[in-house]
*Asks:* 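Pasting in a structure now, in structure tokens, and then I'll have a few things to ask.
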Amino acid sequence: MKLLLKAFRNGLGVLIALISRLIPVKKVKRDVKAQEAADNKAKNIELYQFFACPFCIMSRRVIRRLNIKIVTRDAQTRGGIYREEMLKEAGKVQVPCLKITENGKVSWMYESAVIKDYLEKEFG
Ligand SMILES: N[C@@H](CCC(=O)N[C@@H](CS)C(=O)NCC(=O)O)C(=O)O
């Protein structure tokens, strides 16, 4: 029963993720120089996530709206390198989580609302 519920939740999440991809977002517009600067800054950020997690879907929509490219890392696969890294370096597996590398220093940011505020402040 528990397994069935988990499969249902995951299936629903996948469906929501796919529908979310189809729903357009109003993207932030920048001139070429500003876009280049935003793209360079975004290179320092990685999104640790599960594909079908609703909080991750929301974070990915924020990223799309802000018109930046942020690498996504699969933190769901048990034993996977990114899940293990997150557990070891950040302390727990909870997604979405941003890994931010600044001047060689790494910091981790949990909570979709905090991530949204941070990204909007940096790229909005
Ligand atoms: N309040 C958090 C909730 C995040 C959350 O519940 N994430 C779930 C996935 S949907 C999670 O990380 N679960 C850990 C696990 O399944 O190992 C947020 O808004 O980011």
Side-chain angles (χ1 to χ4, degrees):
M1 186 64 192
K2 222 171 140 186
L3 217 67
L4 204 69
L5 205 67
K6 202 175 160 195
F8 175 73
R9 253 184 38 198
N10 203 50
L12 195 64
V14 169
L15 189 68
I16 293 169
L18 295 175
I19 291 171
S20 169
R21 280 299 301 173
L22 296 176
I23 300 172
V25 289
K26 194 168 184 293
K27 288 189 179 189
V28 167
K29 284 201 175 78
R30 304 181 180 91
D31 62 33
V32 175
K33 251 195 142 132
Q35 187 62 48
E36 217 174 272
D39 287 341
N40 275 330
K41 202 154 103 176
K43 280 183 189 154
N44 301 324
I45 305 172
E46 296 156 67
L47 176 72
Y48 284 60
Q49 57 138 26
F50 299 173
F51 178 72
C53 155
F55 303 98
C56 300
I57 295 169
M58 282 195 292
S59 296
R60 294 200 300 267
R61 279 192 80 76
V62 170
I63 290 168
R64 274 175 66 205
R65 181 168 52 76
L66 292 173
N67 199 7
I68 47 173
K69 289 178 202 77
I70 287 184
V71 170
T72 56
R73 304 294 192 199
D74 166 36
Q76 189 158 24
T77 307
R78 283 181 194 277
I81 54 167
Y82 296 114
R83 187 180 175 96
E84 292 303 311
E85 180 200 7
M86 190 184 191
L87 189 59
K88 194 164 156 242
E89 305 294 331
K92 63 177 174 181
V93 173
Q94 183 187 297
V95 292
C97 179
L98 288 187
K99 178 182 176 185
I100 305 161
T101 308
E102 264 171 331
N103 306 318
K105 195 177 161 283
V106 173
S107 57
W108 297 85
M109 183 182 287
Y110 289 109
E111 290 299 327
S112 51
V114 177
I115 289 171
K116 179 175 181 282
D117 287 351
Y118 168 77
L119 291 175
E120 277 173 352
K121 189 171 122 289
E122 294 295 317
F123 299 99

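Order of listing sets the numbers, starting from 1, for every ligand and every atom in it. What you see is a predicted model, and the numbers here were worked out from it, not measured in a lab.
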*Asks:* Restricting to non-hydrogen atoms, name the atom on R83 and the atom on T77 that form the minimum distance, rounded to 0.1 Å.
*Replies:* CD-O, 3.4 Å

*Asks:* Could you tell me the residue and atom name of the protein heavy atom closest to atom 9 (C) of ligand 1, and the distance to it rounded to 0.1 Å?
*Replies:* C53 SG, 3.7 Å

*Asks:* Which of the listed options, L87, I57, V95, holds the heavy atom that is closest to atom 4 (C) of ligand 1?
*Replies:* V95

*Asks:* What protein heavy atom sits nearest atom 19 (O) of ligand 1, and how far off is it?
*Replies:* S112 OG, 2.6 Å

*Asks:* With side chain to side chain contact (heavy atoms under 4.5 Å, CB included) as the criterion, how do Q49 and S59 come out once you've worked through the C-alpha distance, each side chain's angles and the decisive distance to 0.1 Å?
*Replies:* CA-CA 9 Å; Q49 57 138 26; S59 296; over 6 Å; no

*Asks:* Report the nearest protein non-hydrogen atom to atom 14 (C) of ligand 1: residue, atom name, distance rounded to 0.1 Å.
*Replies:* V93 O, 3.5 Å

*Asks:* Measure from NZ or CZ of K99 to the centre of the six-membered ring of Y82 and say whether it is under 6.0 Å with the direction within 45° of the ring axis.
*Replies:* no

*Asks:* What's the verdict on side chain to side chain contact (heavy atoms under 4.5 Å, CB included) for R30 and F123, showing C-alpha distance, side-chain angles and the deciding distance?
*Replies:* CA-CA 10 Å; R30 304 181 180 91; F123 299 99; 3.8 Å; yes

*Asks:* May I ask you to identify, for F50, whether its side chain, its backbone, both or neither come under 4.0 Å of ligand 1 on a heavy-atom basis?
*Replies:* side chain

*Asks:* Please list the nearest protein heavy atom to atom 2 (C) of ligand 1 with its residue and the distance rounded to 0.1 Å.
*Replies:* E111 OE1, 3.3 Å

*Asks:* For a side-chain hydrogen bond (donor to acceptor under 3.5 Å, both in side chains) check, start with the C-alpha distance between Q35 and D39, then their side-chain angles and the critical distance, and finish with the verdict.
*Replies:* CA-CA 6 Å; Q35 187 62 48; D39 287 341; 3.0 Å; yes

*Asks:* Considering non-hydrogen atoms of the protein only, which is the closest contact for atom 6 (O) of ligand 1, and what is the distance?
*Replies:* F55 CE1, 3.7 Å

